[in-house]
Every structure is written in C-alpha cells, then in structure tokens.
There are 2 protein chains.
Amino acid sequence: MANNFRFKPLLEKIKNEIKKHGYKITGPRLAIIEFLIHTEGHPDIDDLYSEVSKDYPGIGVATVYRTMDLLRQLNLINTLELPEGRQRYEIILPEDHHHHLVCMECKRIVEFGNCNFKHLVEDIESSTRFKIYSHSTVAYGLCPHCSASS
Amino acid sequence: MANNFRFKPLLEKIKNEIKKHGYKITGPRLAIIEFLIHTEGHPDIDDLYSEVSKDYPGIGVATVYRTMDLLRQLNLINTLELPEGRQRYEIILPEDHHHHLVCMECKRIVEFGNCNFKHLVEDIESSTRFKIYSHSTVAYGLCPHCSASS
DNA sequence: ATACCTGCAAAGTCTTTGCAACATG
DNA sequence: CATGTTGCAAAGACTTTGCAGGTAT
C-alpha cells in the first residue's frame with residue numbers, strides 16, 4: 001500500500017486522542033480508522049459501511065455514523081460538503097492543507113495543494129470583523145477524461 | 001427595500017430564462033423568485049416554504065423543491081453547501097462573485113468579496129489537467145459578537 | 001466494576017415521486 | 001388545447017435514538 005509509511009504513527013496518534021478523551025478503542029472503531037488511513041478516496045457513509053464490513057462483518061450502520069461523529073468531534077477527520085446531499089470524509093494528515101476539485105461529469109474527486117487563501121485572511125478579518133479559523137474550497141470542472149469526451 | 005433597484009431587471013431576466021427553456025411562469029414560481037430577489041439571507045427549503053406561504057398560501061413543499069431544482073438547472077441560483085446537512089440558496093446577481101463566512105457559534109452567514117482564486121486556476125489546471133468552471137469557498141470562524149462573548 | 005459501546009429496529013427528518021386536477025402560453 | 005405545473009399523500013432515502021446485552025479499561 002502506497003501510504004503504508006504514514007500508517008503507524010498516525011494510527012497511534014488517533015488512538016491516543018480517543019483514549020485521552022475517555023473513549024475506548026474498539027473493534028469497529030479500529031476497522032473504520034484503518035480503512036480511512038489506507039484509502040486514497042473520499043468515502044461516504046455507505047462506502048465506509050460496505051468496505052469496513054469486509055474486515056468487520058456485522059458492524060451496524062449506526063456505529064459508522066457514531067464513529068464518524070466522534071472522529072469529527074476530535075478533529076481527526078474532515079468532512080467534505082459536496083452538492084450530492086451527503087457527506088464524504090477524509091482523515092486529517094498533519095501538514096497537509098489541500099482542497100478539492102470535483103468533476104461535474106463523473107464525480108471524480110481530486111485534491112490540489114495550491115492555496116493562497118492565507119493571504120486574504122487579514123483582509124477579510126478586517127473587513128468583516130470575523131476571526132477566521134478554517135476554510136474550504138471546492139472547484140468544479142471537467143476531469144481530463146470527461147473533458148476529452150465531450 | 002434596500003435592494004429594490006435590482007428587482008425589475010433581474011426579475012425580467014429570470015422570467016425570460018424560464019420561458020426561453022419552455023417552462024412556464026406560474027404563481028408559486030413567481031412568489032419564490034421574488035422572495036429570493038428581495039431577501040438578504042440564505043434561506044433553506046424550510047425558510048422558503050414558510051416565507052413564501054405568506055404571499056402564496058397553499059403552496060406545497062414539493063413545489064418549492066421543484067422550483068429550486070429548476071432555478072439551479074438554469075443557473076439562476078447558487079447552492080451553499082454548509083455542514084448543516086441541508087442546502088441554502090441565493091439568487092445569482094450579475095457581476096457579484098463572492099464567498100461565505102460562517103460563524104461557528106451562531107451560524108450567521110456573511111459574504112465576502114475578496115477572492116484571488118483566479119490566479120490559481122492555471123496552476124491547478126496544468127497540474128491536474130482539469131478544466132475548471134467554478135469554485136466555492138467557505139470560511140469558518142467567529143463573528144464579532146460571538147468572538148467577543150467567548 | 002463501571003463506564004462506554006454495539007447492533008438492532010423503530011422513529012425521525014428530509015426529499016422525491018405518482019397522480020389527478022389545473023393553469024399557462 | 002397541448003404541455004407543463006401544482007398540491008397532496010405516499011414512498012424513498014438518509015440519519016438518529018432507545019435499549020438490552022456486550023466490552024474495554
């Protein structure tokens with residue numbers, strides 16, 4: 001697996017974070033977290049449920065929802081808001097600020113790292129008097145394949 | 001109404017767009033569109049349903065959903081994807097490219113106009129080979145009021 | 001031993017759909 | 001008057017919740 005190198009330290013960090021807050025490391029949680037660390041994709045609840053079921057048969061959907069809530073509360077995952085009407089998730093890697101490009105045709109999701117938003121923060125903070133903590137950008141377009149075939 | 005000046009030409013443009021595509025101007029549609037043009041907010045389906053019911057009693061929720069689908073297909077409204085799990089809408093004004101700032105505490109939504117994304121488009125297009133057509137940024141923070149009281 | 005956690009099924013919420021009556025162009 | 005549109009209610013999709021039994025620490 002390409003990203004295996006990131007596996008152990010990240011997994012340990014996540015487990016510690018969970019324990020630190022008084023929650024427990026359980027089979028279903030581990031299976032979900034390991035899947036999230038390994039996958040290159042941006043799974044939704046259904047993807048998680050069906051994929052994790054392979055490692056952990058018998059897991060219930062409710063557990064998947066509850067685990068994702070927990071991970072989000074602990075700031076261990078990001079939630080992607082796309083126009084699909086459901087959420088997709090990705091594990092947060094340290095030092096990996098990126099955004100997403102979505103193909104309007106085939107729905108493929110690609111990450112991109114260039115982000116110059118930080119240059120704007122001061123401007124926006126002074127014009128709106130908000131204190132900004134985070135941001136998320138989604139760009140829409142056509143992927144190479146779909147743009148060739150249209 | 002502060003934005004009355006924008007009302008007539010925009011309304012005409014929208015009506016024409018609807019007719020041009022073979023759809024009809026009906027009472028419920030007009031009531032929804034007029035509300036969207038007048039409001040300063042970012043209503044969700046429920047807001048629309050209850051507000052528009054005042055002008056047009058008896059309207060059904062299904063009609064609100066269907067009208068918003070139509071307006072989105074014709075590119076007359078923007079959909080805001082926020083972590084609330086439901087969509088919010090805004091009418092598209094010509095020459096008004098902006099993004100949104102959301103207060104994490106009180107959920108207030110504020111628009112900001114600074115956007116330097118266009119400088120990145122070429123970079124992203126060449127590194128990903130996508131053709132980009134639009135983008136949307138949401139920043140999260142604390143509004144002046146909430147940041148004072150915390 | 002004591003929280004916490006799980007799967008299940010039921011309940012809840014939000015959105016879509018089928019349909020007969022109606023309205024627009 | 002042909003075609004699109006509407007409100008309603010039912011169906012569908014997705015998410016949350018209550019609970020009794022199970023499990024991590």
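A, B, ... follow the sequence lines: proteins, then strands. Residue 1 opens every chain.
Considering only residues two or more places apart in sequence or on other chains, B/D44 meets the salt bridge (Lys or Arg N to Asp or Glu O under 4.0 Å) condition with B/R86, B/R88.
Comparing the start and finish of the helix from C/dA1-D/dT25 to C/dG25-D/dC1, five pairs each, the helix axis swings through 50°, to the nearest 10 degrees.
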List the steps and the verdict of side-chain hydrogen bond (donor to acceptor under 3.5 Å, both in side chains) for A/H38 and A/E51.
-> CA-CA 12 Å; A/H38 281 118; A/E51 286 302 316; over 6 Å; no
Take B/R66 and B/D69, measure what salt bridge (charged side-chain N to carboxylate O under 4.0 Å, His left out) needs, and give me the verdict at the end.
-> CA-CA 5 Å; B/R66 289 185 284 224; B/D69 279 354; over 6 Å; no
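A heavy-atom distance below 4.5 Å is not found between the side chains of B/L74 and B/I14.
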Identify every side-chain donor-acceptor pair in residues 129-143 of chain B under 3.5 Å, counting partners at least two apart or on other chains, and give the distances.
{"from": "B/H135", "atom 1": "NE2", "to": "B/H97", "atom 2": "NE2", "distance (Å)": "3.3"}
{"from": "B/H135", "atom 1": "NE2", "to": "B/H99", "atom 2": "NE2", "distance (Å)": "3.2"}
{"from": "B/T137", "atom 1": "OG1", "to": "A/T137", "atom 2": "OG1", "distance (Å)": "2.8"}

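Criterion: ILVMFWY side-chain heavy atoms under 4.5 Å apart, direct or through other members. Under it, A/V102 and A/F112 are not part of a common hydrophobic cluster.
For A/T63, taking side-chain heavy atoms from C-beta onward, the closest of the listed nucleotides C/dG7, D/dT6, C/dC4 is C/dG7.
Under 3.5 Å, the side chains of A/Q87 and A/H42 contain no donor-acceptor pair of N or O atoms. Under the 3.5 Å distance criterion, with hydrogens and angles disregarded, no donor-acceptor pair is assigned to the side chains of A/E105 and A/H145.
At least one side-chain nitrogen or oxygen of B/R29 sits closer than 4.0 Å to the OP1 or OP2 atom of D/dT6.
A/E122 CD: 12 or fewer foreign heavy atoms inside a 6.0 Å radius.
Every pair passing side-chain hydrogen bond (donor to acceptor under 3.5 Å, both in side chains) that includes a residue from residues 19-29 of chain A is listed here, sequence neighbours excluded: A/E17-A/K20.
Each of B/Y56 and A/I25 lies near DNA chain D, and the nucleotide nearest B/Y56 is the one positioned closer to the 5' end.
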Expected rows: protein N/O vs nucleotides 20-23 of chain C N/O, under 3.5 Å:
none

When every nucleotide of nucleotides 12-17 of chain D is labelled 5' to 3' by its protein contacts under 4.0 Å (heavy atoms), B for base, S for sugar-phosphate only, - for none, what sequence of letters results?
-> --SBBB
